[in-house]
2 protein chains.
Amino acid sequence: MSDAFLSEFDRDTAVRRTAPGEYRAELSGGWAIGHALNGGYLLAVAGRALADALPHPHPLSVGVHYLSATAAGPAVVRTGVARAGRSMSTGSASLYQTGADGRETERLRVLATYADLGALSGDVRTTAKPFAIPPLEHCPRADPSAEVQGAPVPTMLGRLDLRLDPDTTGWALGRPSGRGEMRAWFALADGREPDPFSLLLAVDALPSTAFEMGCRGWVPTVELTAHVRALPAPGPLRVGLTTRNMAGGFLEEDAEVWDSADRLVAQARQLARPLGSA
Amino acid sequence: MSDAFLSEFDRDTAVRRTAPGEYRAELSGGWAIGHALNGGYLLAVAGRALADALPHPHPLSVGVHYLSATAAGPAVVRTGVARAGRSMSTGSASLYQTGADGRETERLRVLATYADLGALSGDVRTTAKPFAIPPLEHCPRADPSAEVQGAPVPTMLGRLDLRLDPDTTGWALGRPSGRGEMRAWFALADGREPDPFSLLLAVDALPSTAFEMGCRGWVPTVELTAHVRALPAPGPLRVGLTTRNMAGGFLEEDAEVWDSADRLVAQARQLARPLGSA
């Protein structure tokens, strides 16, 4: 298939096997936030390499530790299989980039268990309910040409149809709520429907809750773990973030993602470190 | 120091370096639940190996994927450093056991970031409050000689002073509450005070919330991620588990651990798979 018919997300997360367990990727600057590429995008790239390396197709539980900032350009993903079971398989992946000096630097390392989400039992006894958010048409779409906090809006916003709950946008107007909450409607800008890999992006695509808690500047992720619990139904996703514990220079961000069928399709938690003052 | 002066936990989680990045451990059957050793205990063993292999002393964010059931006896932990930074370092660890046929089997794989928790900023702006639990003296201590659900109480209970909130013990009397909640006071039976490594045990030491949701039998952990957020103060810990999403044959268990100074010292989430019928 020609690239012209691929979605931006599929094109920019594609990997090509170059040796057993080794993959090449061409990372796109379209997914930048400031000078670094978004962590959820990079996790989706590594996740697609693991989907090829492991006998099961879908991420079930994926943990990633970010080691250094990633730039647009070529990258290599090396994978290793820890266990290939009947219903689940587990493996590691590392993403590297080569510097001008010819030396490889590891950007992130992943440990993940994969399964076939389509083969899971249909039994659902969740007690969780979708969080409240105004209808999509009442949540303004972030304008990729605007400025926020005196800085250009992240390049990545051009890839997304991201509509923040007006109740969690005070930070962008200089009036943070003080609550560790962020909520949005999330879709890919080119209309590509969600799948388990775009969920890995969705759990790390919103502005940080740290902004609503009065922090400014970059909030790099130390570690993120995502559980993909079901194949998402077509249509826009609702993503909610909450933070309860900002202490010792770190905060946790809990993400939940609901699909258009009101199913809790992903849960994630990250440990992040706000670098700007509060 | 003679083993006679070590706590059970320190003795049973000790590792001995046998080569660069490689460690030997003697896993104790005292931490068994049924036929397998407890996952939190095993994580503490791997965690101590990483504390030696990495330049920072304490687990900050630790993810583990369990691959096969671990038995008492010798084990080897092999570690690898991904990045050694100024304030944090990241590495992997795998724990192996050798079978009667001489073949090594990987039991678990860990990906972790370490830091010096004593060097973190003292700034605490957590909005989380400790959950409600009756005073310790009103929570009965689990009797290691008793039976629960017709089976002997797990051997590990002899190592713990675990006092369950009576409000979350209905499952043991055949009357599960239907709520995905479990709460307990937690200490080591021999009086050893908590530290970041015993917190790795504490987040996986309570009965599963699945029991209160009507499941019986083993609830093996697929993956667990723990954030250790502060050095715990001496004294008993309070550990609370909650489950919101039991679906597709899996459930998440969120753990929070509060110390005697009312500080949220650890947060963890695991993905588990109840094998018994509900």
Side-chain angles (χ1 to χ4, degrees), chain A residues 60-68 82-83 85 87-88 90-92 94 105-106 108-113 115 117 120-129 178-180 213-214 222-223 225 227 229-230 243-252 254 256 263-264 267-271 273 278, chain B residues 60-68 82-83 85 87-88 90-92 94 105-106 108-113 115 117 120-129 178-180 213-214 222-223 225 227 229-230 243-252 254 256 263-264 267-271 273 278:
Chain A
L60 173 67
S61 174
V62 180
V64 55
H65 291 240
Y66 294 98
L67 307 173
S68 52
R83 175 177 176 270
S87 62
M88 294 187 285
T90 300
S92 300
S94 290
T105 301
E106 188 172 349
L108 60 87
R109 191 174 287 200
V110 173
L111 180 57
T113 292
L117 293 173
L120 297 187
S121 133
D123 182 38
V124 176
R125 293 196 292 157
T126 183
T127 60
K129 300 279 178 243
R179 298 186 307 269
M213 298 172 81
V222 174
E223 173 269 338
T225 299
H227 297 172
R229 299 295 299 275
T243 295
R244 300 169 64 217
N245 189 33
M246 185 168 176
F250 293 88
L251 59 82
E252 101 285 7
D254 282 354
E256 53 183 77
R263 180 110 189 240
L264 180 52
Q267 293 171 289
R269 175 177 286 165
Q270 67 171 266
L271 186 69
R273 184 158 68 148
Chain B
L60 173 68
S61 174
V62 180
V64 55
H65 291 240
Y66 294 98
L67 307 172
S68 52
R83 176 176 175 270
S87 61
M88 294 187 284
T90 301
S92 300
S94 290
T105 302
E106 189 172 349
L108 60 84
R109 190 174 288 199
V110 173
L111 180 56
T113 293
L117 293 173
L120 297 188
S121 135
D123 182 36
V124 176
R125 293 195 292 157
T126 185
T127 59
K129 301 279 178 242
R179 297 186 307 270
M213 298 172 82
V222 175
E223 173 269 339
T225 300
H227 298 171
R229 300 296 299 274
T243 295
R244 300 170 64 217
N245 189 32
M246 184 168 176
F250 293 89
L251 58 83
E252 100 285 6
D254 282 354
E256 52 183 78
R263 180 110 188 239
L264 181 52
Q267 294 172 288
R269 175 177 287 165
Q270 68 171 264
L271 186 69
R273 185 160 66 149

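Chain A is the first sequence line, chain B the second, and so forth, proteins listed ahead of strands; every chain is numbered from 1. Remember, it's a predicted structure, so these values are computed and weren't measured experimentally. Below, all heavy atoms of this structure are taken into account, side chains as well, without hydrogens, waters or symmetry copies.
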**Student check: side-chain heavy atoms of A:V64 and A:E223 closer than 4.5 Å** = no
**Request:** Sort out for me which of B:E106, B:E256, B:R83, B:R269 touches chain A most, counting heavy-atom pairs under 4.5 Å.
**Result:** B:R269
**Prompt:** Between atom CE of B:M213 and atom CZ of B:R179, what is the distance when rounded to the nearest 0.5 Å?
**Reply:** 11.5 Å
**Request:** Rounded to the nearest 0.5 Å, what's the gap from CG on A:L251 to CD on A:Q270? Could you check?
**Result:** 7.5 Å
**Item:** Contact class of A:A230 relative to chain B, heavy atoms under 4.5 angstrom
**Value:** neither
**Request:** Count the heavy-atom pairs under 4.5 Å between each of A:D123, A:T126, A:L264 and chain B, then report the option with the highest count.
**Result:** A:T126
**Message:** Please classify the contact between A:A115 and chain B as side chain, backbone, both or neither, with a heavy-atom cut-off of under 4.5 Å.
**Reply:** neither
**Fill in**
Residues B:E252 and A:Q267: closest non-hydrogen pair is OE2-NE2, 3.3 Å
**Message:** How long is the straight-line distance from CZ of A:R125 back to CE of B:M246, given to the nearest 0.5 Å?
**Reply:** 4.0 Å
**Item:** Toward chain B, the part of A:S61 with a non-hydrogen atom under 4.5 Å
**Value:** both
**Prompt:** So which of A:L67, A:L117, A:V222 has the largest heavy-atom pair count under 4.5 angstrom toward chain B?
**Reply:** A:L67
**Message:** Are the side chains of A:M88 and A:L60 in contact, using a 4.5 Å heavy-atom criterion?
**Reply:** yes
**Request:** Side chain from CB out, backbone as N, CA, C, O: work out which of these in A:S92 comes under 4.5 Å of a heavy atom of chain B, or both, or neither.
**Result:** both
**Considering all heavy atoms, the nearest A:R273-A:G249 contact** = CG-O, 3.3 Å
**Message:** Less than 4.5 Å to any heavy atom of chain B: does that hold for the side chain of A:R263, its backbone, both, or neither?
**Reply:** side chain
**Prompt:** Among side-chain atoms of B:H65 and A:T90, is any donor-acceptor pair under 3.5 angstrom?
**Reply:** no
**Prompt:** When only pairs under 4.5 Å are counted, which of B:T105, B:L111, B:V110 shares the most heavy-atom pairs with chain A?
**Reply:** B:L111
**Request:** With a 4.5 Å cut-off on heavy-atom pairs, point out which of A:V124, A:N245, A:L120, A:L271 contacts chain B the most.
**Result:** A:N245
**Request:** Heavy-atom distances under 4.5 Å only: say whether A:R109 touches chain B with side chain, backbone, both or neither.
**Result:** both
